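Accompanying notes for the structure given below.
Everything numeric here is computed off the predicted structure, so don't read it as measured data.
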Amino acid sequence: MKTLDDLLGEGVSGRRVLVRADLNVPLDGEKITDDGRVRAALPTIRALAEAGARVIVTAHLGRPKGAPDPAYSLRPVAARLGELLGTEVPLAGDVVGDQAKAAVSALGDGDVVLLENVRFDPRETSKSESERAQLARELAELTGENGAFVSDGFGVVHRKQASVYDVARVLPPYAGGLVLAELDVLKTLTGDPQRPYAVVLGGSKVSDKLAVIEALLPKVDRLLVGGGMCFTFLAAQGHGVGSSLLETDMVDTCKRLLADAGDKLMLPTDVVVADAFSADAATRTVPITGIEDGWMGLDVGPETVAAFGAAIREARTLFWNGPMGVFEMAPFAEGTRGVATAIAESDAFSVVGGGDSAAAVRQLGLPEDGFSHISTGGGASLEYLEGKDLPGVAVLSEEQ
């Protein structure tokens, strides 16, 4: 696998380089509420620009339905990227059309342009290899002669998409610094991690995390389960869960996991319940035996935070993916805050597995430098830990 350093060593001055970044940031209208992914993309873009490359950035935002949609325009991202780079970053008005070609033609050495949301083109996510390949060729054509492709969007490398996978078969591909850093961290987790090795999983559904739970249980010393998914486990133990999120078709699976896991699996012992899914709802903290009908669990309770914290403090390696509750609402944020604080204050090698967990770190004002690594790719991290191949990484090592 060739790397960004290899490309810089070959020389990029005057060359057009296509960079696939992950700029899929959360928005409130046109305001970016967490620019972590934009900041994570900066080192590779800046290194290329400072070496004189003409940098063409392609990325997606949200899930538009294969057509232009103003709600998913990358316009706010271009503005923020320009602020952070200290230079204007124009946004091309389309993906590979006349406006993209004009914007790329106007690039000088060291300039950066952002193409409009690549998912505005239905070929990006098409199941047809020929359709994806055609878009990949058109992206490659923007670079002209002597172009190159840098894969630096770790959050999408588990997707077989045109700007992630197929373009690496058309242009000479290089792994960006962010992708390499993420892979190094994940190799630490899957290789020979220091023990005890503890994993903290949250989020809403067991079905979303089943594969990673089954892959990790034989390898970890403790697996702590919170979030909405814990209620399906609690139901499997025979507890009533009221109106809490429950996947009834996963109860038998959870019974099997509990039987197989022995004492590795830790579940909440108390929860914060509410009479409605609202920040203004009536709330109380109850033991897991006390969830009444009509009440829903929306966070883990203080007794659980203390028990989870004790297990976390014993660990030498930690991986956390998924909040402990509905942290976006203040009454249900303390479980996530408490568990995340314990991870940040531990002496372990600690990895935050992207997605909502990374957003929680920033939105709750936790110290980012308290964690060894905050991933930009939740789905990609989980699939790697499951043992799956990541197409966007595997293609970088293919014979061209």
Side-chain donor/acceptor of Asp121 to backbone N/O of Val118, under 3.5 Å: no
Please check: side-chain N/O of Lys205 versus main-chain N/O of Glu247, any donor-acceptor pairing under 3.5 Å? no
Do the side chains of Ser151 and Leu396 get nearer than 4.5 Å, heavy atoms only? yes
Indicate yes or no for a side-chain donor-acceptor contact from Glu50 to the backbone of Gly110 under 3.5 Å, with no hydrogens or angles considered. no
With rounding to the nearest 0.5 angstrom, report the CG to OG1 distance, Asp299 to Thr283. 10.0 Å
With a 4.5 Å cut-off on side-chain heavy-atom distances among I, L, V, M, F, W and Y, is there a chain of contacts connecting Leu142 to Val12? no
Tracing side-chain links under 4.5 Å among I, L, V, M, F, W and Y, which residues wind up in one group with Leu298? Val272, Phe277, Met296, Val326, Met329, Phe332
The reported gap from CG in Leu382 to CG in Leu216 (rounded to nearest 0.5 angstrom) is 8.5 Å
Verdict with supporting geometry, Arg123 and Glu138, salt bridge (Lys or Arg N to Asp or Glu O under 4.0 Å): CA-CA 11 Å; Arg123 297 173 295 178; Glu138 292 176 26; 2.9 Å; yes
Hydrophobic cluster membership, Leu4 vs Val179, 4.5 Å side-chain cutoff: no
Determine, stepwise, if the pair Leu267 / Leu258 fulfils side-chain contact (heavy atoms from CB on, under 4.5 Å). CA-CA 10 Å; Leu267 295 174; Leu258 287 163; 4.0 Å; yes
Check for a donor-acceptor pair, side chain of Ser357 on one end and backbone N or O of Val352 on the other, with a separation under 3.5 Å. no
Under the criterion salt bridge (Lys or Arg N to Asp or Glu O under 4.0 Å), which of Lys160, Arg132, Arg20 is the partner of Glu124? Arg20
Would Val351 and Trp320 count as a side-chain contact (heavy atoms from CB on, under 4.5 Å) if you check the C-alpha gap in whole Å, the side-chain angles of each, and the deciding distance to 0.1 Å? CA-CA 6 Å; Val351 179; Trp320 168 39; over 6 Å; no
Main chain of Arg15, side chain of Asn146: is a donor-acceptor contact present, judged purely on distance under 3.5 Å? no
Closer than 4.0 angstrom, basic N to acidic O: yes or no for Glu368 and Arg362? yes
Please report the interatomic distance CD1(Ile288) to OG1(Thr304), rounded to the nearest 0.5 Å. 8.0 Å
Could you list the donor-acceptor pairs under 3.5 angstrom formed by side chains in residues 186-194, with sequence neighbours left out?
unit_1	atom_1	unit_2	atom_2	d
Thr188	OG1	Asp184	O	3.1
Thr190	OG1	Leu186	O	3.0

Any pair with a residue in residues 36-48 that passes side chain to side chain donor-acceptor pair (under 3.5 Å), sequence neighbours left out, goes on the list, sorted by first then second residue, please. Asp22-Arg37, Asp35-Arg39, Thr44-Asp152
For the pair Asp275 (side chain) and Ala282 (backbone), establish whether a donor and an acceptor sit closer than 3.5 Å, ignoring hydrogens and angles. yes
Out of curiosity, Leu318 CG to Tyr197 OH, how far, rounded to the nearest 0.5 Å? 9.0 Å
Transitive ILVMFWY side-chain link Phe371 to Val185, under 4.5 Å: no
Donor-acceptor check, side chain of Asp28 to backbone of Lys31, threshold 3.5 angstrom: yes or no? no
Are side-chain heavy atoms of Val104 and Thr143 found at a separation under 4.5 Å? no
If two hydrophobic side chains count as joined below 4.5 Å and joins carry through other members, does Leu224 share a cluster with Leu366? yes
Val19 vs Leu48, side-chain contact (heavy atoms from CB on, under 4.5 Å): CA-CA, chis, key distance, verdict: CA-CA 10 Å; Val19 176; Leu48 288 164; 3.5 Å; yes
Which atoms form the tightest heavy-atom contact between Leu23 and Val38, and what is the distance? CD2-CA, 4.0 Å
Quiz question: by atom type and distance under 3.5 Å, do the side chains of Ser381 and Ser375 form a donor-acceptor pair? yes
Working to the nearest 0.5 Å, report the span between CD1 of Ile213 and CG of Leu265. 7.5 Å
Roughly how far apart are Asp166 CG and Leu171 CG, rounded to 0.5 Å? 12.0 Å
Ile56 and Leu107: CA distance, side-chain angles, deciding distance, side-chain contact (heavy atoms from CB on, under 4.5 Å) verdict: CA-CA 9 Å; Ile56 308 163; Leu107 287 173; 4.0 Å; yes
Which atom names give the shortest non-hydrogen contact between Leu91 and Ser73, and what distance separates them? CD2-OG, 3.9 Å
Under 3.5 Å, is there a donor-acceptor pair between the Thr376 and Glu182 side chains? yes
So which atom in Ala168 and which in Val395 form the shortest heavy-atom distance, rounded to 0.1 Å? CB-CG1, 3.6 Å
Does Asp249 CG have over 12 foreign heavy atoms under 6.0 Å away? yes
Just checking, is any N or O donor in the side chain of Gln161 or Thr125 under 3.5 Å from an acceptor N or O on the other one? no
Gly226 and Val300: which non-hydrogen atoms are nearest, and at how many Å? CA-CG1, 4.2 Å
Sidechain-backbone polar pair: Asp270 side chain, Val286 backbone, donor-acceptor under 3.5 Å: no
Any Val225 side-chain heavy atom under 4.5 Å of Phe308 side chain: no
Taking the side chain as every heavy atom from C-beta outward, state whether Lys2 and Pro173 have any atom pair closer than 4.5 Å. no
Between Pro196 and Arg316, is any pair of side-chain heavy atoms under 4.5 Å apart? yes
Flag side-chain contact, heavy atom, 4.5 Å: Leu210 against Leu257: yes
If you look only at pairs with a residue in residues 98-113, which of them pass as a side chain to side chain donor-acceptor pair (under 3.5 Å), with sequence neighbours excluded? Arg54-Asp109
For Arg16, all residues meeting salt bridge (Lys or Arg N to Asp or Glu O under 4.0 Å), sequence neighbours excluded: none
Do the side chains of Leu183 and Tyr384 get nearer than 4.5 Å, heavy atoms only? yes
Do side-chain atoms of Ser372 reach the backbone of Phe349 as a donor and acceptor pair under 3.5 angstrom? no
Which pair of heavy atoms, one from Ser126 and one from Glu131, lies closest together, and at what distance? OG-OE1, 2.6 Å
Heavy atoms of Ala59 and Leu74 approach each other most closely as O-CD1, 3.6 Å
Ignoring hydrogens and geometry beyond distance, is a side-chain donor-acceptor pair present between Tyr174 and Glu10 at under 3.5 Å? yes
Is a donor on one side and an acceptor on the other found under 3.5 Å between the side chain of Asn117 and the backbone of Arg119? yes
Side chain to side chain, Leu7 and Val150, heavy atoms closer than 4.5 Å: yes
Same cluster for Leu81 and Leu61 if Ile/Leu/Val/Met/Phe/Trp/Tyr side chains link at under 4.5 Å? yes
Sort and list the pairs that fulfil side chain to side chain donor-acceptor pair (under 3.5 Å) and have at least one residue in residues 208-225, not counting sequence neighbours. Arg195-Asp221, Lys209-Asn321, Glu214-Arg256
